[in-house]
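First up is the structure itself, then whatever we jot down about it.
FYI, side chains are in, hydrogens and waters are out, and symmetry mates aren't considered; it's all heavy atoms of this structure. All chains are named by letter (A, B, ...) in the order of the sequence lines, taking the proteins before the strands, and each is independently numbered beginning at 1. Predicted model, so just to flag it, every value in this text is computed and none were measured.
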Amino acid sequence: MMHPDPRQLVQDDADSFLVHRDIYRDPEIFEWEMRYLFEGTWNLVGLASQVPRPYDFMTTHIGRAPVIVTRDGNGKLHCLLNSCRHKGAMVCHRRQGSAKNFVCQYHGWAYDSSGRNILIKDRAEGGYPPCFDQQDHNLQPVARFAEYRGVLFASLRPDVPELPEYLGDLRTMIDLIVDQSPDGIECIAGQGNFTFQGNWKLQLENGVDPYHFSSTHPSYIHALQKRGTMGSVYSTFRSSALERGTFAFEHGHNAMWGPAPSDKATPLSFVRDELQQRVGEVRARWMTYVRNITAFPNAQFAENASLQLRIWRPLAVDRTEMRTFCLAPVGEPAEARRLRIRQYEEFFNPSGLATPDDIANYEDSQRGMAARAIQWQQGHARGTQQASAAVPPAAAELGLAPRSSVIGPFNLGDETVMQHTYRYWRELIERGLARDAAQGDAP
Amino acid sequence: MNLERRLQACDVVAREAQYLDQQRWQDWLALYAEDAVLWVPTWKNESELADDPMSELSFMYLEGRAFLEERVQRVVSGRAVSLVPIPRTAHIVGGCLAHSDDDGATVTVESAWSSHVHLHKDAGLVSYAGRYQHLLRRDGDDYRIARKKIILTNDVLVSKLDFFYI
């Protein structure tokens, strides 16, 4: 379509909720998403424990903007645009490391670990106009940068809610991760990064899609069942006694969860008693549940027999970069750590027994959606009859008040959890378009 | 180590590539010892490879041939979305250097490899490259693979990889 209307892309009637396929395939809509979602609100940029010591840094992106997260000599964290003020070149070139200064390789301008400009090469001989001294030559910080319990968030725009308000009930779901050790969580060394030929929302949706598991991952389930004695959180996935649920939170965030059929083989079972004493029965039990949570718009945590943080960066309407990290409670027993790593590798790795099949499905969906004669997805309807705004006991025991919940048998496979995410998606885009129209500033 | 054993050891490395490319999975498995380890470490950053699979992440750390059999089963089962149809591969292995400190009872073969993977859909061709380190153990008249380490140069994966891509 020539000039898509966001209200026409997410149709939200009393008895039906439909998402238009152009949101996965139209470059103009992708441009809106970059401008109004990724460059318009809070993004998860990483963990403070990735830069533990003074002068540690890591690099990432917020939308299209390259950024450096750096800890200065006093231990204070900064999130800076990775672009020299002189001619724009990136001043930091590695994924992570330690550096007291960032020196631009082009003309030698230098910045300290807080981003303060400490050198303009040959300044005295430069014949600069007087106004040059009035300009700010420091690396530009992002508009907003804040931390929730060691999880770092940044926004390129200043007009966003305060971080605690933005996260809302998602904070409790983050607590269930951070509190797995008295000393918090850390990234295990080594990364499994990849790109895929598909729209980023295919990952966004799949991460909280309980419906796909039995049809996408039969080879994984079969392998675990064949191992037999090793047990698995998924080996009894057909059990009708099991309940699973989804929570839709404010600001696009959400969660999918299900009690672990067996926690015999999970790394947290090694510290079960310590957890119960420190965080109480309810939270200790929730930590053993299978849980996937979305920090909208750019990240998910997924926990089953191990714990993953995945951060995505949309590269094009049909191309996405994934950075994935194996997380672990600080100081867990070596045997638990070894088990965690092996189970992470076989499930979460892009070279494992499960994730490659998810990725293959994203790419097949993207290929299939080239059929432009089909306009509307039928992918967000399951669970409509069960979705409720009432607070269920499962949420109440954690002190949560989701906007909508679905709780039911294993094979219910709720899809309505994405509806609130897409409502917020539309809200941010409508608001952004209106703001730009008022300022005469089209994307 | 005499020349015959040196050639025999380098032959195992070449045969492994051949079996993978020809999808002769049982022949491939037979090259491995029962307790074999197949290890593909991740990179910690641009210059440092993970070196402790018990505390650092690997792309794969398969300890025991049973885990290799599980991978093969996944390929031939037709149940794995990402392996239907099975991609075709062509491995190129070169620069084999064999050395032994025990007159050929165990031999380490180091080599460079690249692999071209044809993915059928979109006629996609993906390349991976790196170095192999095979530890071979004498078993009767031949060698078996006791341990194989695959160093992957391009660690930002093109969507995914499986054991036979690399």
| query | Any idea which of Ser77(B), Ala50(B), Pro53(B) has the most non-hydrogen atom pairs under 4.5 angstrom with chain A? | reply | Pro53(B)

| chain B heavy atoms under 4.5 Å from Glu363(A): which part of the residue, side chain, backbone, both or neither? | side chain

| request: Please confirm whether the backbone N or O of Phe59(B) pairs with a side-chain atom of Ser351(A), one donor and one acceptor, at under 3.5 Å? | output: yes

| message | With a 4.5 angstrom heavy-atom cut-off, is it the side chain or the backbone of Arg95(A) that approaches chain B, or both, or neither? | response | both

| said: Need one label for Asp364(A): side chain, backbone, both or neither, based on atoms under 4.5 Å from any heavy atom in chain B. | reply: side chain

| query | If we ignore angles and hydrogens, is there a donor and acceptor under 3.5 Å between the side chains of Arg338(A) and Ser55(B)? | reply | no

| note | Honestly, the part of Arg340(A) sitting under 4.5 Å from a heavy atom of chain B is neither

| query | Relative to chain B, which segment of Tyr344(A) carries a heavy atom at a distance below 4.5 Å: side chain, backbone, both, or neither? | reply | side chain

| Portion of Ile359(A) that has a non-hydrogen atom of chain B nearer than 4.5 angstrom | side chain

| request: May I ask you to say whether Arg342(A) pairs ionically with Glu63(B), meaning some side-chain N is under 4.0 Å from a carboxylate O? | output: no

| said: I'd like to know if the side chain of Glu56(B) reaches the main chain of Ala189(A), judged simply by a donor and an acceptor atom lying under 3.5 Å from each other, with no hydrogens or angles considered. | reply: no

| request: Measure from the side-chain N and O atoms of Asn193(A) to the backbone N and O of Val156(B), and report whether any donor-acceptor pair falls under 3.5 Å. | output: no

